[in-house]
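Since the structure comes first, as structure tokens, the remarks are kept for the end.
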2 protein chains.
Amino acid sequence: MYICPMYSSELIKGTLKTIVLKLLKEQGKMYGYEITQRVKELTNDKIQITEGALYPTLHSLEQNGELDTETEYMGKRVRKYYTLTKQGHITVDLKVNEFVDFMNTMKFLLDVELKMSNVQSNR
Amino acid sequence: MYICPMYSSELIKGTLKTIVLKLLKEQGKMYGYEITQRVKELTNDKIQITEGALYPTLHSLEQNGELDTETEYMGKRVRKYYTLTKQGHITVDLKVNEFVDFMNTMKFLLDVELKMSNVQSNR
DNA sequence: TTTAATACATAAGAATATTATGTATTAATA
DNA sequence: TATTAATACATAATATTCTTATGTATTAAA
């Protein structure tokens with residue numbers, strides 16, 4: 001079975017918004033740094049979201065009305081928590097469905113079988 | 001079942017090289033325009049490779065030593081056929097394996113089940 | 001006390017796509 | 001037969017989205 005250390009940067013492109021929205025749907029409320037750590041953890045370091053990619057994305061999603069924010073202070077350190085708006089809940093389902101459809105198309109195009117064993121090893 | 005008309009442009013980003021190399025591995029020898037039509041056909045118009053994206057990619061793969069070219073004339077109209085080099089054959093397997101691994105990771109991350117029915121409908 | 005981790009942010013640059021434009025041949029249609 | 005659509009290549013301007021680098025500041029660990 002093929003194991004790769006980290007994905008080439010092109011691959012992750014275009015999936016960041018989907019990942020962020022989906023995580024927020026599951027967790028309800030997260031702050032930026034938490035998202036980077038959670039993704040790193042869940043993917044065994046295969047996907048590492050850089051801060052330079054994440055924060056602009058979060059700002060853009062907020063400006064687009066997909067996310068709401070609330071600032072909390074842990075002592076003197078600030079945390080900006082993000083939650084899905086009503087629109088965000090609609091968008092996340094669309095995005096995830098689109099990605100699943102895309103994966104099926106790519107699977108057909110690349111003529112490959114997904115191996116479940118590999119998924120389990122990510123836990 | 002979710003059916004989408006065409007994927008948002010971000011999604012396709014980063015997969016173009018993999019698609020092109022894999023098609024060339026299967027078909028042996030193809031020209032640019034043929035690749036765009038084949039992908040459109042195989043994906044029921046869901047993935048439409050623009051010429052502005054394809055040609056620079058082909059040139060870059062050629063310069064990188066992944067592809068060889070031979071020009072043929074059909075009457076007065078030119079066709080540039082592309083084939084995989086030795087290096088290209090190595091790269092395509094790496095790329096496809098990496099993408100399969102990536103799909104498994106994303107599947108786990110997005111916590112979704114791939115439906116086979118959707119794949120069949122692409123034929 | 002220095003380094004690592006936490007937590008935010010933005011700017012410069014690279015990569016890769018879209019959109020538009022250009023040339024030219026050949027087939028189809030009005 | 002004249003015009004449009006399809007075939008077939010190519011590149012330039014622009015947009016998007018990422019990487020890499022830099023910056024500030026707090027808190028925990030070595």
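Naming: A, B, ... by sequence-line order, numbering from 1 per chain. Because only heavy atoms are used, hydrogens play no part in the values below, and waters and symmetry mates are left out as well, while side chains stay in.
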Quick check for you: among [options], whose closest atom lies nearest to any side-chain atom of [X]?
{"X": "Arg77(A)", "options": "dT19(D), dT6(C), dT26(C)", "answer": "dT6(C)"}
{"X": "Lys17(A)", "options": "dT16(C), dT6(C), dT17(D)", "answer": "dT17(D)"}
{"X": "Thr50(B)", "options": "dT20(D), dT18(C), dT26(C)", "answer": "dT18(C)"}

Mind calculating the distance between [atom1] ([X]) and [atom2] ([N]) to the nearest angstrom?
{"X": "Ile49(B)", "N": "dA8(D)", "atom1": "CD1", "atom2": "P", "answer": "16 Å"}
{"X": "Tyr55(B)", "N": "dT21(C)", "atom1": "OH", "atom2": "P", "answer": "19 Å"}
{"X": "Lys40(A)", "N": "dA7(C)", "atom1": "NZ", "atom2": "P", "answer": "15 Å"}
{"X": "His59(B)", "N": "dA8(D)", "atom1": "NE2", "atom2": "P", "answer": "16 Å"}
{"X": "Tyr33(B)", "N": "dC9(D)", "atom1": "OH", "atom2": "C1'", "answer": "12 Å"}
{"X": "Ile12(A)", "N": "dA14(C)", "atom1": "CD1", "atom2": "P", "answer": "20 Å"}
{"X": "Glu51(B)", "N": "dA20(C)", "atom1": "CD", "atom2": "P", "answer": "14 Å"}
{"X": "Arg38(A)", "N": "dA7(C)", "atom1": "CZ", "atom2": "P", "answer": "15 Å"}

With respect to the phosphate group of [N], does any side-chain polar atom (N or O) of [X] fall under 4.0 Å of OP1 or OP2?
{"X": "Tyr31(A)", "N": "dC8(C)", "value": "no"}
{"X": "Thr57(B)", "N": "dA17(C)", "value": "yes"}
{"X": "Arg79(B)", "N": "dA8(D)", "value": "yes"}
{"X": "Lys80(B)", "N": "dA10(D)", "value": "yes"}

Worksheet item: Hey, are Lys25(A) and Asp93(A) close enough for a salt bridge, meaning a charged N less than 4.0 Å from a carboxylate O?
Response: yes

Worksheet item: Salt bridge or not for Glu70(A) and Arg79(A), using N-O below 4.0 Å?
Response: no

Worksheet item: Can a donor-acceptor pair be found between the side chains of Thr69(B) and Glu62(B) at a distance below 3.5 Å?
Response: yes

Worksheet item: Is it the case that Tyr7(B) and Thr43(B) place a side-chain donor and acceptor less than 3.5 Å from each other?
Response: no

Practice prompt. Enter the distance from Met6(B):CE to Ile12(B):CD1 here, rounded to the nearest 0.5 Å.
Written response: 6.5 Å

Practice prompt. Measure across Met30(A) and Glu34(A) and return the closest heavy-atom pair with its distance rounded to 0.1 Å.
Written response: CA-OE1, 3.3 Å

Worksheet entry | Exercise: identify the closest heavy-atom pair between Glu51(A) and Pro56(A) | O-CD, 3.8 Å

Response to the item:
Of Lys13(A) and Val78(A), the one whose nearest nucleotide on DNA chain C sits closer to the 5' end is Val78(A)

Worksheet item: Which comes earlier along DNA chain D counting from the 5' end, the contact point of Ser60(A) or that of Met74(B), where each point is its nearest nucleotide?
Response: Met74(B)

Response to the item:
Nearest-nucleotide check on DNA chain D, Gly75(A) vs Ala53(A); residue mapping nearer the 5' end is Ala53(A)

Discussion item. Once you apply a heavy-atom cut-off of 4.0 Å, does Gly52(B) come out as touching a base, just sugar-phosphate, or nothing?
Written reply: base

Practice prompt. Have a look at the helix from dT1(C)-dA30(D) to dA30(C)-dT1(D) and give the angle its two end axes make, five pairs each, rounded to 10 degrees.
Written response: 10°

Worksheet item: Cation over ring, Lys29(B) on Tyr81(B), under 6.0 Å and within 45°?
Response: yes

